[in-house]
Student: 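Sharing a structure below in structure tokens format, with a few things to ask.
Chain letters run A, B, ... following the sequence lines, proteins first and then strands; every chain starts at 1.
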Protein chains: 2
Amino acid sequence: MKTATVKTYSITEVSKMYHLPTTTLRYYEDLGLLYDIPRIKGRRAYTQAHLNRLGAICCFKDTGMTLKELQELFDAQDDDADLDKTCAILDNHYKRVLEQLALLKKNERHIKRKVRFYHDIRSAKENHSKLPDWDDYRDREF
Amino acid sequence: MKTATVKTYSITEVSKMYHLPTTTLRYYEDLGLLYDIPRIKGRRAYTQAHLNRLGAICCFKDTGMTLKELQELFDAQDDDADLDKTCAILDNHYKRVLEQLALLKKNERHIKRKVRFYHDIRSAKENHSKLPDWDDYRDREF
DNA sequence: ATTTTACTTCGAGTATACTTGAAGTAAAAT
DNA sequence: ATTTTACTTCAAGTATACTCGAAGTAAAAT
């Protein structure tokens, strides 16, 4: 009879995989975002399920969800899932992500113009030529 | 002889225009991000130049620049502009914005899949049909 | 005339998300 | 055998960006 051993990861391995300090991983566990992490000789042994959840944490956190909202989402998902609440939270967050995306695209274009503008000022100064005018950059697409 | 009067804006008007509380506008002034704001009978009177700067503050702040970094950028831009430093800060920030944009797009797709997945679970429960499997959503484009 | 509204300054307090420090353990390296 | 490394827990401290409270002023509304 074979006993399937589940692959686990140490806190340092997980830290490297997700670019999060070990202290942050412990902090998430304190908050309850990660739980039931088994200990092997006192050390945390993360399973694939924990990595999946951590991936979700990073995704939602990076899109501006607070850790408290994340906890609410997980609470809705986890024990005997409240699907209406889960869907509501997800729908609402997705809307916010689309707004962020629109804003970020707009800001990206603005910053690109600023970058060009200052590079052109520098060139003009070097060449002793006419300095550019911001009005020529404000609504221009590069 | 005509005296051209420059249009100014009260702190409440600016607050509404930029969706920032008045306390935050005062805070930015305390930090030095906004300065030389004239007072008319003790009240702040923002000029177009201040609005432009405030637009820049919002744009850079919303793309993840800290207020301290913003101060450095403005210091480089303002008094007898250090063009090399300005360009360096802008170039560096623009790179970060492109990274953010790539990450946000990736996260947006992931969240879209999650939204679909949970809506499909809900439908399946209502119809007493087979529950969907996340593996069918993981790498699917919607 | 006096109350209300809309500001003013300055200092202190708060929320979020970590981050550090102290004291301990246990296995691996020297 | 003992030092080093890599964790452990728990409590306290920090950074950033606000946010609030108190006390005051000055013009507009009643």
Student: If you find the nucleotide of DNA chain D closest to Thr66(B) and the one closest to Lys41(B), which residue's nucleotide is nearer the 5' end?
Tutor: Thr66(B)
Student: Please pick, from dC18(C), dC7(C), dT9(D), the nucleotide with the shortest atom-to-atom distance to any side-chain atom of Tyr28(A).
Tutor: dC18(C)
Student: Taking any strand in view, what nucleotide pairs with dG21(C) in a Watson-Crick or G-U wobble way, both distances under 3.5 Å?
Tutor: dC10(D)
Student: Leu31(B) has an atom CG; how far is it from atom P of dC10(C), in whole Å?
Tutor: 14 Å
Student: Looking at the side chain of Arg39(B), which of dC7(C), dA17(C), dT9(C) is the nearest nucleotide?
Tutor: dT9(C)
Student: Atom NZ of Lys61(B) and atom P of dA17(D): how far apart are they, to the nearest Å?
Tutor: 9 Å
Student: Considering only dT9(D), dT8(C), dC18(C), which nucleotide approaches the side chain of Arg44(A) most closely?
Tutor: dT9(D)
Student: Under 6.0 Å from the NZ atom of Lys41(B), do we count more than 12 heavy atoms belonging to anything else shown?
Tutor: no
Student: Between the side chains of Tyr35(B) and Asp78(B), is a donor N or O closer than 3.5 angstrom to an acceptor N or O?
Tutor: yes
Student: From dA6(C), dT19(D), dT9(C), pick the nucleotide closest to the side chain of Thr24(B)?
Tutor: dT19(D)
Student: Angle between ring planes, Tyr46(A) versus His50(A), binned at 30° and 60°: parallel, tilted or perpendicular?
Tutor: perpendicular
Student: Counting C-beta onward and ignoring hydrogens, is there a side-chain heavy-atom pair between Leu51(B) and Gln48(B) closer than 4.5 Å?
Tutor: yes
Student: Can you measure Tyr46(B) atom OH to dC7(C) atom P for me and round it to whole angstrom units?
Tutor: 11 Å
Student: For dG21(D), give its Watson-Crick or G-U wobble partner with both distances under 3.5 Å, or none.
Tutor: dC10(C)
Student: Would you say dA6(D) has OP1 or OP2 under 4.0 Å from some side-chain N or O of Arg43(A)?
Tutor: no
Student: Would you mind classifying the nucleic acid contact of Arg26(A) as base, sugar-phosphate or nothing, using non-hydrogen atoms under 4.0 angstrom?
Tutor: base
Student: Taking only N and O in the side chain of Ser10(A), is any of them less than 4.0 Å away from OP1 or OP2 of dA6(D)?
Tutor: no
Student: For the pair Arg96(A) and Glu69(A), evaluate salt bridge (charged side-chain N to carboxylate O under 4.0 Å, His left out) and give the outcome as yes or no after the intermediate values.
Tutor: CA-CA 13 Å; Arg96(A) 282 157 51 191; Glu69(A) 287 172 314; 3.4 Å; yes
Student: Ignoring hydrogens and geometry beyond distance, is a side-chain donor-acceptor pair present between Glu126(B) and Ser123(B) at under 3.5 Å?
Tutor: no
Student: Nearest to the side chain of Ile11(B), heavy atoms from C-beta on, is which of dC18(C), dA27(C), dC7(C)?
Tutor: dC7(C)
Student: Within this structure, what is the CD-to-C1' distance between Glu29(A) and dA17(C), rounded to whole angstrom?
Tutor: 17 Å
Student: For Leu67(B) and dA17(D), give me the distance from atom CG to atom P, rounded to whole Å.
Tutor: 4 Å
Student: Any strand counts, and the cut-off is 3.5 Å on both contacts for Watson-Crick or G-U wobble. Which nucleotide pairs with dA27(C)?
Tutor: dT4(D)
Student: Just to confirm, is there a sub-4.0 Å distance from OP1 or OP2 of dC7(C) to any side-chain nitrogen or oxygen of Thr12(B)?
Tutor: yes
Student: Whole angstrom is fine here: how far is it from CD1 in Ile40(A) over to C1' in dT25(C)?
Tutor: 17 Å
Student: Taking the side chain of Tyr27(B) as heavy atoms from C-beta outward, which of dT20(C), dT19(D), dT19(C) is closest to it?
Tutor: dT19(D)
Student: Heavy atoms under 4.0 Å, any strand shown: does Thr22(B) hit a base, just sugar-phosphate, or nothing?
Tutor: nothing
Student: dT8(D) C1' sits how many Å from Leu25(A) CG, rounded?
Tutor: 14 Å
Student: Rounded to whole Å, how long is the line connecting atom CD1 of Ile37(A) with atom P of dT9(D)?
Tutor: 10 Å
